[in-house]
Protein chains: 2
Amino acid sequence: MPGATEQKIIDAAVRLFAAQGYDATSVQEIVAAAEVTKGALYHYFRAKDDLLFEIYRLLITSQSADMDRIIGLGLPAAETVREILVSLVVSTAERVDETAVFVRELQRLGEERMAEFRAERRRYHETFLAVIEKGQADGEFSSVVPADTVVRIAFGVVNQLPMWYRPDGAKPPVALAGEIADFVLAGLR
Amino acid sequence: MPGATEQKIIDAAVRLFAAQGYDATSVQEIVAAAEVTKGALYHYFRAKDDLLFEIYRLLITSQSADMDRIIGLGLPAAETVREILVSLVVSTAERVDETAVFVRELQRLGEERMAEFRAERRRYHETFLAVIEKGQADGEFSSVVPADTVVRIAFGVVNQLPMWYRPDGAKPPVALAGEIADFVLAGLR
DNA sequence: GTGAGCATACCGACCGGTCGGTAGGGTGGT
DNA sequence: ACCACCCTACCGACCGGTCGGTATGCTCAC
């Protein structure tokens with residue numbers, strides 16, 4: 001539960017990192033945007049990349065929880081896939097800036113933290129993969145296209161979403177999410 | 001038609017930008033990797049971001065040409081879509097580094113160049129969109145999912161490809177391309 | 001001799017991070 | 001009731017180092 005100052009710093013960092021990139025954003029810019037001082041920032045964070053770490057942690061934690069919750073419902077494969085995709089697209093649309101930073105600057109994490117995130121990401125990936133494979137094994141889905149390719153396609157759209165999605169666009173996120181889910185499910189018939 | 005020195009510089013820049021990011025790569029690193037000196041680099045390029053510009057230009061030019069060639073064949077919509085996707089996936093796999101840089105650092109281009117690329121990108125986008133819309137109008141494709149969403153999904157995978165594709169992986173690019181095309185076409189039935 | 005193709009030495013700006021210090025609110029001994 | 005003490009939160013000037021870019025001059029093919 002971050003305090004007000006801490007939160008202002010993270011919000012400003014997310015906004016600036018998304019708009020300009022991590023390296024192109026100076027600590028000075030962040031503190032100016034957050035209306036705090038450098039002293040305050042380094043009081044709460046040991047280094048600039050702790051900000052990145054924190055941004056990723058918040059995003060991943062909430063998305064993992066979403067997926068686990070949906071799988072816990074025990075729905076049929078098709079409905080599970082739909083629920084996962086809709087929730088993922090909607091939550092990504094809600095947090096485009098965080099996602100943009102995540103996708104673009106993942107590599108900037110140090111070795112150890114990188115490994116930690118890869119593991120979590122892999123788990124996330126494989127949970128979704130298992131749902132599709134089960135659907136294929138049960139005959140609910142077609143097996144023409146291998147499950148891992150389907151997963152790649154699905155995560156591909158989501159991760160690219162920050163490139164074109166605009167909150168003030170014509171299609172509300174939930175409509176978009178529905179279309180994407182429709183298309184993926186159509187491909188699995 | 002770049003000379004040998006110029007080409008060495010671009011190759012080194014692509015490799016380093018892909019591995020570390022644009023801002024995290026210093027001009028010193030580039031000239032060291034290319035085995036030239038700073039004088040040589042600034043003899044051929046006016047600024048560091050001219051390198052980015054050149055990388056993008058080479059990539060976009062060749063991909064646009066590929067797509068125009070395929071459309072020129074005048075095949076039925078389904079085959080056109082398949083050909084476009086396969087050629088795009090294969091050529092992206094051949095140039096993962098360029099694509100990674102392109103996707104990650106597009107924003108670093110200045111306003112004017114950015115506008116130029118957006119226009120070219122839009123044209124590319126809309127050419128593919130038109131193929132799908134025509135297929136839907138002719139009844140060859142289903143219209144359940146709007147064409148623009150299909151385009152977003154297709155380009156999503158391709159742009160994310162550098163994140164997971166490894167040239168030494170189990171699946172050769174052409175197999176991968178086939179699977180992706182199969183899936184997209186299945187979604188269009 | 002002259003211009004293309006480099007090499008080398010160097011510049012000022014700016015960057016992430018540090019550090020000595022302060023403001024103010026709680027706390028415990030008397 | 002009061003004050004000594006401390007601790008958290010924060011300030012902002014400053015530092016060493018690195019960065020993109022430049023100025024100048026050599027060399028060699030034509």
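Labels below follow one simple rule: chain letters A, B, ... track the order of the sequence lines, proteins then strands, and each chain is numbered from 1. Worth saying up front: this structure is predicted, and the values here are computed from it rather than measured.
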Novice: If only side-chain N and O atoms of A/Thr5 are considered, is one of them under 4.0 Å from the OP1 or OP2 phosphate oxygen of D/dC10?
Specialist: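 For D/dC10, OP1/OP2 do have a side-chain N/O of A/Thr5 under 4.0 Å.
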Novice: Should the pair B/Asp11-B/Arg15 be classified as a salt bridge under the 4.0 Å nitrogen-to-oxygen rule?
Specialist: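 No.
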Novice: Rounded to whole angstrom units, what separation is found between the OH atom of B/Tyr42 and the P atom of C/dT8?
Specialist: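 Taking OH of B/Tyr42 and P of C/dT8, I get 17 Å after rounding.
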Novice: Is the distance from OP1 or OP2 of C/dC6 to the nearest side-chain N or O of B/His43 less than 4.0 Å?
Specialist: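 False: B/His43 side-chain N/O out of range (4.0 Å or more) of C/dC6 OP1/OP2.
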Novice: Would you say that A/Arg108 contacts A/Asp49 through its side chain, given a criterion of any heavy-atom pair below 4.5 Å between the two side chains?
Specialist: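 SC-SC contact between A/Arg108 and A/Asp49 ruled out.
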Novice: Starting from the 5' end of DNA chain D, give me the residue, A/Tyr44 or B/Ala24, whose nearest nucleotide shows up first.
Specialist: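 Per heavy-atom nearest nucleotide, the more 5' residue is A/Tyr44.
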Novice: Rounded to whole Å, please give me the gap between CG in B/Leu51 and P in D/dG20.
Specialist: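 One finds 11 Å between P of D/dG20 and CG of B/Leu51, rounded.
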Novice: Round to the nearest Å and state the distance from B/Asp50 atom CG to D/dG20 atom P.
Specialist: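 Spelled out: CG on B/Asp50 to P on D/dG20 is 14 Å.
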Novice: For A/Gln28 and C/dA13, what is the distance between atoms CD and P respectively, to the nearest whole Å?
Specialist: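 One finds 16 Å between P of C/dA13 and CD of A/Gln28, rounded.
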Novice: Starting at CZ of A/Arg108 and ending at P of C/dG16, how long is that distance when rounded to a whole Å?
Specialist: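 It works out to 12 Å between those atoms.
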Novice: Please work out whether the ring planes of A/Phe155 and A/Phe128 are parallel, tilted or perpendicular, with thresholds of 30° and 60°.
Specialist: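 It falls in the tilted class, 30° to 60°.
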Novice: If you find the nucleotide of DNA chain C closest to A/Glu29 and the one closest to A/Arg46, which residue's nucleotide is nearer the 5' end?
Specialist: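 Its nearest nucleotide lies further toward 5', so the answer is A/Glu29.
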Novice: To the nearest angstrom, how far is B/Ile30 atom CD1 from D/dG21 atom C1'?
Specialist: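 For the pair B/Ile30 CD1 and D/dG21 C1', the rounded distance is 13 Å.
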Novice: I need the CZ-P distance between B/Phe45 and C/dC6, as an integer number of Å.
Specialist: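 These atoms are roughly 12 Å apart.
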Novice: Of all the nucleotides listed (D/dG20, D/dA13, C/dG5), which has the minimum atom distance to the side chain of A/Lys38?
Specialist: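 Of the options given, the side chain of A/Lys38 lies nearest D/dA13.
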Novice: From D/dG12, C/dA7, C/dG16, pick the nucleotide closest to the side chain of B/Ala40?
Specialist: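 Output: C/dA7.
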Novice: With a 4.0 Å cut-off, would you call A/Arg123 and A/Asp68 a salt bridge?
Specialist: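 Yes.
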Novice: Check this for me, if you would: do A/Glu54 and A/Arg57 make a salt bridge, where the nitrogen-to-carboxylate-oxygen distance has to be below 4.0 angstrom?
Specialist: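 Yes, this pair counts.
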Novice: Looking across every strand, which nucleic acid part, if any, lies under 4.0 Å from B/Ser26 by heavy atom: base, sugar-phosphate, or nothing?
Specialist: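 Touches sugar-phosphate only.
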Novice: Once you round it to whole Å, what is the distance between C1' of D/dT22 and NZ of B/Lys48?
Specialist: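 For the pair B/Lys48 NZ and D/dT22 C1', the rounded distance is 17 Å.
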